[in-house]
Amino acid sequence: AAKNRGRRTYTLYEPEMSVALYHRMKLETDLRHALSHDNGGLEVYYQPQVMLDDTSDQRMITGVEALVRWFHPEQGQIPTMEFIEIAEASGIIDELSDWIVRQACQDVVAWHKAGFMLNLSVNLSPLQLNNPDLPKELLTHLDRCGFDPQYLTLEITESADVTDTVAAAKMLSKFADKGISLAMDDFGTGYSNLGYLNSLPLNTLKIDRSFVMQITDNEAERKLVRGIINLAQGMGLKIVAEGVETEEQAEFLRSQNCEYGQGYLFGRPMHKLGMLKILNQQYEKLHPAIVLLEA
Ligand code: C2E
Ligand code: MG
Ligand code: MG
Ligand code: MG
């Protein structure tokens with residue numbers, strides 16, 4: 001648009017814009033730096049996923065989702081969506097994702113060695129599905145840190161950024177061949193194309209938080225969630241409800257045969273040491289006499 005207005009427009013240099021632009025460019029530079037230095041403030045946090053159909057007082061943790069955090073050395077915590085978007089726009093999402101996978105696999109392998117056989121879910125950016133080297137790179141990481149692919153789930157979202165859906169489906173089936181699971185994240189909010197959905201080797205469907213939020217005060221929303229659960233069951237998929245915040249929501253979901261839940265009710269995303277503490281507590285209840293892991 002600026003081009004059409006001729007050479008003497010200064011659209012790109014309006015003061016408010018240049019502040020925003022400067023902020024973005026600074027974050028991009030700092031993010032690149034953080035990826036190559038230990039003190040850049042990047043951390044992987046973990047949020048528990050639990051079995052809803054569990055009558056004991058503390059529901060069993062069956063897996064964790066890795067969620068990246070950035071505690072910027074000068075600016076404090078940057079919202080994850082904000083820097084993921086910057087990483088996507090500036091072509092460093094593959095590198096960032098690589099870093100996250102390596103950290104997460106290293107942490108979860110240590111838990112596996114200690115006897116906590118948890119599943120690990122990692123988010124993929126839709127842009128990564130355009131990178132044909134992704135399977136090789138990811139499998140190399142798993143191999144190097146001795147992570148059993150059976151315990152890995154890749155979360156993808158329905159997105160217009162996947163330019164070649166046939167190629168993406170092909171790539172994802174390479175993961176499936178290695179025993180890696182695939183989850184459709186934020187289900188119901190995207191560009192729902194049931195044909196594409198059906199062409200993917202999916203194992204799990206995650207019901208978006210926006211639906212879960214409303215199930216206890218809205219009958220229409222309850223019907224919708226029932227519909228999603230029926231669809232998932234019909235397709236033979238596991239269901240995880242995200243954003244579960246109240247006992248009432250958890251109970252409704254359980255009554256509808258939704259097997260797994262994730263949300264603040266069961267635990268916020270936390271540092272690996274906090275996660276380990278919770279795992280130890282769970283284990284202690286099951287096997288009171290057994291010596292525990294050191295944090
Ligand atoms: P997501 O994958 O759907 O992750 C769930 C988001 O919901 C997380 O936000 C989590 O902190 C939040 N959440 C979980 N339970 C509750 C709850 O009970 N109530 C509320 N209000 N929120 C809850 P977060 O960590 O800010 O991440 C936002 C999004 O950014 C993620 O959505 C995902 O799309 C993306 N993202 C996060 N980490 C990564 C990553 O490592 N790689 C990539 N590519 N994307 C990531
Ligand atoms: Mg996710
Ligand atoms: Mg989600
Ligand atoms: Mg979400």
Side-chain angles (χ1 to χ4, degrees), residues 31 34-35 41-50 52 59 61 63-71 77-108 119-131 134 137-138 141 152-159 161-162 181-190 202-216 228 238-250 253 258 260-272 274-275:
L31 187 56
L35 280 170
L42 282 172
E43 297 266 4
V44 176
Y45 270 34
Y46 298 94
Q47 185 177 34
Q49 295 179 331
V50 305
L52 289 177
R59 294 179 180 89
I61 298 170
V64 292
E65 177 175 1
L67 293 160
V68 66
R69 294 291 178 262
W70 189 16
F71 302 98
Q77 185 169 356
I78 312 290
T80 297
M81 290 290 232
E82 186 179 337
F83 69 88
I84 289 281
E85 206 254 309
I86 290 176
E88 288 178 336
S90 58
I92 52 174
I93 187 65
D94 291 311
E95 206 184 322
L96 175 60
S97 196
D98 241 41
W99 185 89
I100 295 161
V101 168
R102 271 185 282 131
Q103 289 294 316
C105 285
Q106 196 180 315
D107 292 341
V108 178
N119 185 74
L120 167 67
S121 294
V122 173
N123 292 283
L124 282 189
S125 156
L127 289 179
Q128 293 181 266
L129 298 184
N130 299 324
N131 168 18
L134 180 68
E137 290 167 5
L138 204 130
H141 285 323
L152 184 66
T153 299
L154 300 176
E155 296 193 0
I156 59 166
T157 50
E158 316 159 77
S159 166
D161 290 335
V162 181
S181 300
L182 195 64
M184 182 58 74
D185 204 351
D186 306 321
F187 182 74
T189 60
L202 284 179
N203 308 79
T204 304
L205 216 150
K206 294 187 82 173
I207 305 178
D208 191 64
R209 176 162 67 88
S210 58
F211 303 115
V212 173
M213 250 164 61
Q214 303 185 55
I215 49 180
T216 41
I228 295 174
K238 259 178 36 175
I239 311 151
V240 181
E242 35 173 53
V244 181
E245 295 187 355
T246 68
E247 208 40 79
E248 216 182 338
Q249 291 165 348
L253 290 159
C258 172
Y260 301 93
Q262 184 180 342
Y264 294 170
L265 177 65
F266 316 116
R268 293 196 175 234
M270 64 190 100
H271 187 269
K272 64 178 175 195
M275 194 64 225

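Keep in mind the model is a prediction, meaning the values are calculated, not measured. Both counts, for ligands and for their atoms, begin at 1 and track the order of listing.
- Below 4.0 Å from some heavy atom of G243 lie the following atoms of ligand 1, by number and element: 16 (C), 17 (C), 18 (O).
- Atom CD of E248 has 12 or fewer neighbouring heavy atoms from other residues, nucleotides or ligands inside a 6.0 Å radius.
- Remark: ligand 1 and L265 share no N or O pair separated by less than 3.5 Å (distance only, no angle test).
- Atom OE2 is the N/O/S atom of E65 found closest to the Mg ion (ligand 2).
- Below 3.5 Å of separation, one finds no N or O of Q262 facing any N or O of ligand 1.
- The proximity of T80 to ligand 1, defined as any non-hydrogen pair under 4.0 Å, is limited to the side chain.
- A side-chain donor-acceptor contact under 3.5 Å links Q249 to the backbone of T246.
- With the Mg ion (ligand 3) as vertex, D185 OD1 and D186 OD1 subtend 90°, rounded to 10°.
- Ligand 1 has no atom lying under 4.0 Å from any heavy atom of R268.
- Side-chain atoms of N203 come within 3.5 Å of backbone N or O of L182 as a donor-acceptor pair.
- Listed by number with element, the atoms of ligand 1 under 4.0 Å from a non-hydrogen atom of I84 are 42 (N), 43 (C), 45 (N), 46 (C).
- Each of the atoms 1 (P), 2 (O), 3 (O) of ligand 1 lies under 4.0 Å from some heavy atom of D185.
- The ligand atoms of ligand 1 that sit less than 4.0 angstrom from a heavy atom of Q47 are 14 (C), 15 (N).
- Per residue E155, closest N, O or S atom to the Mg ion (ligand 2): atom name OE1.
- Residue contacts with ligand 1, taken as heavy atom pairs separated by less than 4.0 Å, do not involve V122 at all.
- The Mg ion (ligand 2) lies under 2.8 Å from an N, O or S atom belonging to N123.
- Atom numbering of ligand 1 starts at 1 in the shown order; those under 4.0 Å from a heavy atom of V68 are 38 (N), 39 (C), 40 (C), 41 (O).
- No other N/O/S atom of E242 lies as close to the Mg ion (ligand 3) as OE1 does.
- Residue contacts with ligand 1, taken as heavy atom pairs separated by less than 4.0 Å, involve R69 solely via side-chain atoms from C-beta onward.
- For Q128, the heavy-atom gap to ligand 1 stays at 4.0 angstrom or more.
- Within ligand 1, the atoms closer than 4.0 Å to a non-hydrogen atom of E242 are 3 (O), numbered from 1 in the order shown.
- Of the possible donor and acceptor atoms, none in the side chain of T157 sits under 3.5 Å from a partner among the backbone N and O of D185.
- Within the listing of ligand 1, atoms 3 (O) sit less than 4.0 angstrom from a heavy atom of D186.
- Using a 30° and 60° split on the angle between ring planes, Y45 and H271 fall in the perpendicular class, above 60°.
- Q128 contributes a side-chain N or O that, together with a main-chain N or O of S125, makes up a donor-acceptor pair within less than 3.5 Å.
- Residue S125 places a heavy atom less than 4.0 Å from ligand 1.
- A donor-acceptor pair is defined here as one N or O able to donate and one able to accept, closer than 3.5 Å; such a pair exists between the side chain of Q47 and the backbone of G267.
- Here is the list of ligand 1 atoms found below 4.0 Å of a heavy atom in G263: 15 (N), 18 (O).
- You'll find the side chain of W99 reaches within 4.5 Å of the side chain of Q103, heavy atoms only.
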